[in-house]
Colleague: 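Take a look at the following structure, please.
These numbers were taken from a predicted model, which means no experiment stands behind them.
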Amino acid sequence: SHTFLRSGVREGGTLVAQAGAKASVIGRVDLWFDEAGVVVRSEARHVDLYDEPGPDSRNERVDALSAALTERAAGRMNDVVGVLGAPLGVTRRELVNGSAGNFITDVMRERTGAEIAIHNRGGIRTSLAAGAVTRRDLFMMLPFSNHLETLTLDGTVVPELFRRSIESQRRGGLEFSGVTLEVELTGGKPRLVRVVLEGGGELAPDAEVRLTTNSFLGAGGDGWEILAAAASREVDFVVLRDMLEAAFAGGARTPDEGSRYRVLR
């Protein structure tokens with residue numbers, strides 16, 4: 001749950017410890033035993049990793065190894081891997097696409113040939129400016145090592161998927177490619193009316209649709225059990241940021257900045 005339990009929490013005789021998120025701290029638990037090997041005392045605390053360690057915590061050999069690793073990683077991470085003809089923007093607003101989400105899901109479809117692609121907004125962590133793109137930029141935007149999964153869904157599941165995204169706005173909703181979502185506002189709240197395929201046709205209930213997503217959503221992450229229940233799936237173990245790097249191999253890319261929602265009046 002990424003909770004910072006600074007000194008732990010006791011539930012009965014159990015000490016529960018958790019060290020937050022993003023490697024900002026190390027969780028340390030100290031245990032004291034009696035001569036019979038029974039724990040007589042326990043304490044939890046966090047050791048902050050963002051501050052420089054004091055002299056008594058440093059080790060010259062470890063410092064030298066860390067410096068060499070940092071230098072080696074920086075050289076690779078700072079390599080320019082592509083060029084953007086327009087910025088990649090992230091949005092958290094209802095019924096508004098982010099150009100980053102458009103770009104990522106478009107490339108997902110290019111790779112798999114699926115009719116539809118989706119990506120959770122919460123998994124896109126930063127915007128990128130137009131111009132040169134480094135490997136570090138892609139890592140900052142897509143820090144999670146998710147790969148691709150292409151699911152075969154029937155024509156009733158796909159509208160339900162987008163309905164939940166729009167009408168419940170769970171975790172900020174979905175970015176998507178391959179469809180336009182027609183939406184009505186009722187009392188200021190969005191309601192999905194229709195899912196229109198890229199060619200202009202409407203999804204038939206008895207149709208089979210290939211939908212590409214990331215492995216986090218494919219496993220039911222963020223409460224998307226509807227995806228985890230898919231009986232048929234193709235797995236491509238390419239990490240999404242590596243997928244984007246490969247997409248730049250053909251030259252500069254300009255993301256689609258257009259809306260993929262149509263709000264009916």
Colleague: Give the intermediate values and the outcome of side chain to side chain contact (heavy atoms under 4.5 Å, CB included) for residues T254 and L84.
Modeller: CA-CA 6 Å; T254 300; L84 282 170; over 6 Å; no

Colleague: Does the pair R191/E167 count as a salt bridge with the N-to-O cut at 4.0 Å?
Modeller: no

Colleague: State plainly whether the residues E160 and R164 are in salt-bridge range, i.e. N to O under 4.0 Å.
Modeller: yes

Colleague: Do we see a donor-acceptor contact under 3.5 Å between the side chains of S168 and R163?
Modeller: no

Colleague: Evaluate the criterion ring-ring contact (aromatic ring centres under 6.0 Å, His included) for residue pair F162 and Y261; output intermediate values, then yes/no.
Modeller: CA-CA 11 Å; F162 287 118; Y261 293 96; 8.9 Å; no

Colleague: If you measure from the Lys or Arg side-chain nitrogens to the Asp or Glu carboxylate oxygens, is any gap between E43 and R45 under 4.0 Å?
Modeller: no

Colleague: In chain order, what residues pass the side-chain hydrogen bond (donor to acceptor under 3.5 Å, both in side chains) check against D256, with sequence neighbours excluded?
Modeller: R260

Colleague: Quick test of your reading of the model: are R233 and E149 salt-bridged, counting only N-O distances below 4.0 Å?
Modeller: yes

Colleague: Examine distances only and state if a side-chain atom of D222 and a backbone atom of W224 form a donor-acceptor pair shorter than 3.5 Å.
Modeller: no

Colleague: Going through the checks in order, is the side chain to side chain contact (heavy atoms under 4.5 Å, CB included) test met by V133 and V80?
Modeller: CA-CA 6 Å; V133 177; V80 173; 5.9 Å; no

Colleague: When you check the gap from the basic side-chain N to the acidic O, do E115 and R109 get nearer than 4.0 Å?
Modeller: no

Colleague: Under 3.5 Å, side-chain donor or acceptor atoms of residues 14-27 against the rest of the protein: list the pairs with distances, not counting sequence neighbours.
Modeller:
residue, atom, partner, partner atom, Å
Q18, OE1, S1, N, 3.4
Q18, NE2, S1, OG, 3.1
S24, OG, A21, O, 3.1

Colleague: What I want to find out is whether E184 reaches K189 closely enough, with some N-O distance under 4.0 Å, to be called a salt bridge.
Modeller: no

Colleague: Go through the side-chain N and O atoms of D137 and T134 and say whether any donor and acceptor fall under 3.5 Å apart.
Modeller: yes

Colleague: Between T180 and R194, does any side-chain donor sit less than 3.5 Å from a side-chain acceptor?
Modeller: no

Colleague: How about R136 and N78: does a side-chain donor come under 3.5 Å of a side-chain acceptor?
Modeller: yes

Colleague: Evaluate the ring planes of F4 and H46, with Trp represented by its six-membered ring, and classify them as parallel (under 30°), tilted (30 to 60°) or perpendicular (over 60°).
Modeller: perpendicular

